[in-house]
Amino acid sequence: MIEVNENREHRRVNSRGEERVEIWAVGGGKGGTGKTFVICQLATYLASIGKRVILIDNDFGGANVHSFFGIKKTAKTISQFFEEKESLENLVIETGIENLSIIPGNTRSVSPANIKYGHKLKLFRHIKALDADYILLDLGGGTSTDTIDSFLLADRLIVVAIPEITSIENLYQFIKSAYFRKLKDVFVKHGLKERTRDIWEKRKKLGIQNIVELLEYVKVNFPDARESLQNELNNFSFHVILNKVRNLREVHEGFSVKSICIKYIGVDAIYVGYVEYDFQFWRNLSLLQTAPT
């Protein structure tokens, strides 16, 4: 299961020994898998055990976190952080659930294409500075650079899929994209970017078939970097949740994702569980979203 720090004494600290917020992100392949549903449930649970939670709607193409809490309209949205230079803490609104607040998204004015790299880094700094025990990020579908970078900001990387072949394939592509982005950052950090690029381009000649073999080759041929690479990647893992599961066969799809990730990209995908399909829930949510204001 996904680990939760039960005591304040065990909160994460930075290099100066100062307490810092723990960030969880929920991502995946394309939309429609129930990422927002899952992250809202996680946020509600954390709040129920006394954790101060801020849930940020980072899905600029389909913001709907507010709908899950029965909030129809709000004057505050994350777009104001970019467009009006409003501080992120001033955009937090209450949900009516004790300990749980949200920063709503806005689909009408902000798109990933409009967010400059410097603005993105500023957003990340402000997210880390928010006063909470947990910050949860609801991300859009797909593998855009902004989505992947936001995902990798988190301490807990959670991915959601439904037990259908196209969704599982999209999930694998998302995990692979995130892992490759992480590797790129690690290689840059240790001065190996150009060398690993050359190795990958010559992979057929060198007999390298996948990223697992590339990493082994780098570790063998660059022993000075071996320990650092190992330390950087040892604790890098994904938590996999299957949503809308209808039977036992579909339950086992999560183990397939784990096996594929280990075999082909060498990353640990932890299958933490599944959510059974509940027709009545989705019917009720649809009625809530279409009800007149």
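All residue numbers in this chain count up from 1 along the given sequence. The analysis underlying the following values was restricted to heavy atoms, covering all of them including side chains, and did not include hydrogens, waters or symmetry mates.
Side-chain contact between L242 and Y271 is present, with heavy atoms from C-beta onward closer than 4.5 Å. Residues D133 and L46 form no side-chain contact, since every pair of their non-hydrogen atoms from C-beta on lies 4.5 Å or further apart. Taking 4.5 Å as the limit, every side-chain heavy atom of D138 sits out of range of all side-chain heavy atoms of I56. For the pair R52/D131, a side-chain contact is recorded, criterion being any heavy-atom separation below 4.5 Å from C-beta on. Looking at heavy atoms from C-beta onward, D57 lies out of side-chain contact with I103 at the 4.5 angstrom threshold. For the pair R181/L152, a side-chain contact is recorded, criterion being any heavy-atom separation below 4.5 Å from C-beta on. V186 has its side chain out of reach of L192: every pair of non-hydrogen atoms, C-beta onward, lies at least 4.5 Å apart. You'll find the side chain of L183 stays beyond 4.5 Å of the side chain of T196, heavy atoms only.
With sequence neighbours excluded, the residues forming a salt bridge (charged side-chain N to carboxylate O under 4.0 Å, His left out) with K258 are D268, listed by chain and number. Residues satisfying the ring-ring contact (aromatic ring centres under 6.0 Å, His included) criterion with F187, sequence neighbours excluded, are absent altogether. R197 meets the salt bridge (charged side-chain N to carboxylate O under 4.0 Å, His left out) test with E194; sequence neighbours excluded. The ring-ring contact (aromatic ring centres under 6.0 Å, His included) search around F180 returns none, not counting sequence neighbours. Scanning for ring-ring contact (aromatic ring centres under 6.0 Å, His included) contacts around Y274 gives an empty result, with sequence neighbours left out. With sequence neighbours left out, R249 forms a salt bridge (charged side-chain N to carboxylate O under 4.0 Å, His left out) with E253. Contacts of R246 classified as side chain to side chain contact (heavy atoms under 4.5 Å, CB included), with partners at least two apart in sequence or in another chain: E250, Y277. In this structure, Y264 has no ring-ring contact (aromatic ring centres under 6.0 Å, His included) partners at least two apart in sequence or on a different chain.
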side-chain hydrogen bond (donor to acceptor under 3.5 Å, both in side chains) evaluation trace for N243 with T33: CA-CA 7 Å; N243 190 30; T33 60; over 6 Å; no

- prompt: Do S144 and T147 pass the side-chain hydrogen bond (donor to acceptor under 3.5 Å, both in side chains) test, and can you show the C-alpha distance, the side-chain angles, and the key distance before you say yes or no?
  reply: CA-CA 5 Å; S144 72; T147 297; 2.9 Å; yes

task: Step by step, work out the ring-ring contact (aromatic ring centres under 6.0 Å, His included) result for Y179 and F236.
output: CA-CA 9 Å; Y179 187 52; F236 189 74; 5.7 Å; yes

- request: Step by step, work out the side-chain contact (heavy atoms from CB on, under 4.5 Å) result for Y134 and I23.
  value: CA-CA 6 Å; Y134 288 87; I23 302 173; over 6 Å; no

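Looking at every heavy atom in both residues, V21 comes nearest to I135 through CG2-CG1, 3.3 Å.
Figure legend: K122 and F81 shown as a cation-pi pair, the cationic atom lying under 6.0 angstrom from the six-membered ring centre and within 45 degrees of its axis.
Using a 4.0 Å cut-off between a side-chain N of Lys or Arg and a carboxylate O of Asp or Glu, D149 and K120 qualify as a salt bridge.
Applying the side-chain hydrogen bond (donor to acceptor under 3.5 Å, both in side chains) rule to pairs touching residues 89-100 yields E86-N90, S87-N90, E94-S101, sequence neighbours excluded.
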Please tabulate, for the side chains in residues 220-228, all donor-acceptor contacts under 3.5 angstrom to protein atoms that are two or more places apart in sequence or on a different chain.
{"unit_1": "N221", "atom_1": "ND2", "unit_2": "Y217", "atom_2": "O", "d": "2.8"}
{"unit_1": "R226", "atom_1": "NE", "unit_2": "K219", "atom_2": "O", "d": "3.1"}
{"unit_1": "R226", "atom_1": "NH2", "unit_2": "K219", "atom_2": "O", "d": "3.1"}

Scan the side chains in residues 199-211 for donor-acceptor partners under 3.5 Å anywhere in the protein, sequence neighbours excluded, and list what turns up.
{"unit_1": "R203", "atom_1": "NH1", "unit_2": "W200", "atom_2": "O", "d": "2.7"}
{"unit_1": "N210", "atom_1": "OD1", "unit_2": "V212", "atom_2": "N", "d": "3.1"}
{"unit_1": "N210", "atom_1": "OD1", "unit_2": "E213", "atom_2": "N", "d": "3.0"}

Can you give each donor-acceptor pair under 3.5 Å made by side-chain atoms of residues 159-176, sequence neighbours left out, with the distance rounded to 0.1 Å?
{"unit_1": "S167", "atom_1": "OG", "unit_2": "I162", "atom_2": "N", "d": "3.0"}
{"unit_1": "S167", "atom_1": "OG", "unit_2": "I162", "atom_2": "O", "d": "3.3"}
{"unit_1": "N170", "atom_1": "ND2", "unit_2": "T166", "atom_2": "O", "d": "3.1"}

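Distance CD1/I102 to OG1/T74: 7.0 Å, rounded to 0.5 Å.
The cluster map of Ile, Leu, Val, Met, Phe, Trp and Tyr, joined by side-chain heavy atoms under 4.5 Å apart, puts F238 and I262 in different clusters.
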